[in-house]
Amino acid sequence: MNRARHSRLVAEYFSSIAGWYDFLNHFLSFGQDIYWRKRLVRHVRTGDTGLVLDLAAGTMDVTREILKKNPQSRVLALDYTLPMLTRGRNKMKFAGTKFIPVQADGRVLPAPDESVDSVTIAFGIRNIVPRSEAYREILRILKPGGRLCVLEFGSGKSRIWGGLYNFYLARVLPLLGRLISRDKGAYTYLAETIKGFPDSYELAMEIKKAGFSRVFYYPLSSGIVYIHVGEKAAG
Ligand SMILES: C[S@@+](CC[C@H](N)C(=O)[O-])C[C@H]1O[C@@H](n2cnc3c(N)ncnc32)[C@H](O)[C@@H]1O
């Protein structure tokens with residue numbers, strides 16, 4: 001599939017589920033997604049620019065968490081699906097002008113070189129094709145010593161909780177997602193992209209090869225999701 005078509009499909013898909021996105025996330029993960037994002041934000045450093053980019057920000061749950069934990073910082077909430085950003089605005093009233101929603105493509109970031117201290121991306125890197133372009137842009141805009149913090153599902157290849165999770169992912173989740181959102185493709189897409197994604201070790205190697213100097217990662221919820229952190233060389 002060519003890039004333009006892929007981008008259009010991703011944007012159409014997230015536009016169609018934007019209204020249900022938050023509810024489905026919390027419902028289908030039994031509320032664990034809230035904890036996963038909090039864990040991600042612990043790795044954010046705000047440094048001297050005080051600026052963080054939340055890439056593929058969607059309905060801005062990570063943006064909100066960053067500002068709650070670091071009220072002195074400012075967050076650029078970037079996503080290319082406008083209805084997702086619009087949907088998130090209500091939960092950001094407390095933040096005043098500390099966040100800037102931007103509709104843009106994660107492969108061409110509208111920020112100067114070395115202008116942010118951290119970049120977060122939760123459940124977004126899987127959707128960006130090719131990922132190498134996003135890594136290159138993230139490295140460009142990060143200050144030396146800055147961090148890329150990634151939250152993403154594991155590959156789904158290993159059996160979790162005796163195969164119960166794998167069954168849930170492949171069978172129950174698409175059905176529930178379809179019934180609730182009434183979108184035929186909803187959550188089948190999720191299961192398919194999870195299966196096609198590198199495992200945690202491969203993803204760490206990919207981030208390292210992209211040019212990050214120190215990479216570490218660890219599982220949450222028995223490996224349903226992983227956090228990967230990559231640091232840009234201090235210079
Ligand atoms: C699963 S949602 C994640 C939203 C949010 N980060 C969260 O934690 O819930 C993935 C988001 O990635 C966005 N996205 C996909 N490809 C993108 C790209 N190339 N540039 C910017 N955003 C992109 C989609 O529009 C969607 O809002």
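All ligand and atom numbering here is 1-based and tracks the order in the structure.
No N or O atom of Arg126 sits closer than 3.5 Å to an N or O atom of ligand 1. Some N or O of Gly106 is nearer than 3.5 Å to an N or O of ligand 1, by distance alone. In terms of polar-atom proximity, defined here as any N/O pair under 3.5 Å, Asp79 does make such a contact with ligand 1. Not a single N or O atom of Val62, backbone or side chain, sits closer than 3.5 Å to an N or O atom of ligand 1. Taking only nitrogen or oxygen atoms, main chain and side chain alike, Arg37 reaches within less than 3.5 Å of ligand 1.
Looking only at atom types and distance, the side chain of Ser221 has a donor-acceptor partner in the side chain of Gln32 under 3.5 Å away. In this model, a donor atom of one side chain and an acceptor atom of the other lie less than 3.5 Å apart for Asp22 and Thr59.
Between Phe123 and Phe153, the distance separating the two ring centers is shorter than 6.0 angstrom. Between His43 and Tyr218, a ring centre-to-centre spacing shorter than 6.0 Å is recorded. Separation of the Tyr21 and His26 ring centroids does not fall under the 6.0 Å cut-off.
Using a 4.0 Å cut-off to heavy atoms of Gly58, the atoms of ligand 1 that qualify are 4 (C), 27 (O). Every atom of ligand 1 with a heavy atom of Asp105 under 4.0 Å away is listed here by number and element: 18 (C), 19 (N), 20 (N). Under a 4.0 Å criterion applied to the non-hydrogen atoms of Ile128, ligand 1 contributes the atoms 16 (N), 17 (C), 18 (C), 19 (N). Close approach of ligand 1 to Phe123 (heavy-atom distance below 4.0 Å) involves ligand atoms 1 (C), 2 (S), 3 (C), 8 (O), 10 (C). Against a heavy-atom cut-off of under 4.0 Å, Val10 is close to the following atoms of ligand 1: 15 (C). Remark: ligand 1 atoms within the under-4.0 Å shell around heavy atoms of Met84 are 27 (O). Heavy-atom contacts of Ala104 reach the following atoms of ligand 1: 20 (N), 21 (C) (cutoff under 4.0 Å). Under a 4.0 Å criterion applied to the non-hydrogen atoms of Thr81, ligand 1 contributes the atoms 24 (C), 25 (O).
Residue Ala11 places every heavy atom at 4.0 Å or more from ligand 1.
Protein heavy atom at the shortest distance from atom 12 (O) of ligand 1 is Ala56 CB, 3.2 Å. Closest to atom 14 (N) of ligand 1, if we only count protein heavy atoms, is Tyr80 CE1, 3.9 Å. Regarding atom 2 (S) of ligand 1, its nearest protein heavy-atom neighbour is Tyr21 OH, 3.4 Å.
Between Lys143 and Asp117 there is no salt bridge, since none of the side-chain N atoms of the basic residue sits less than 4.0 Å from a carboxylate O of the acidic one. No salt bridge links Lys209 with Glu206; every basic N to acidic carboxylate O contact stays at or beyond 4.0 Å. A salt bridge links Arg45 and Glu231; the closest N-O separation between the charged side-chain nitrogens and carboxylate oxygens is under 4.0 Å.
No more than 12 heavy atoms of other residues, nucleotides or ligands lie within 6.0 Å of NZ in Lys38, so this atom counts as exposed by the packing criterion. Atom CZ of Arg87 has 12 or fewer heavy atoms from other residues, nucleotides or ligands within 6.0 Å.
With Arg140 contributing its side chain and Leu109 its backbone, the two residues share a donor-acceptor pair below 3.5 Å.
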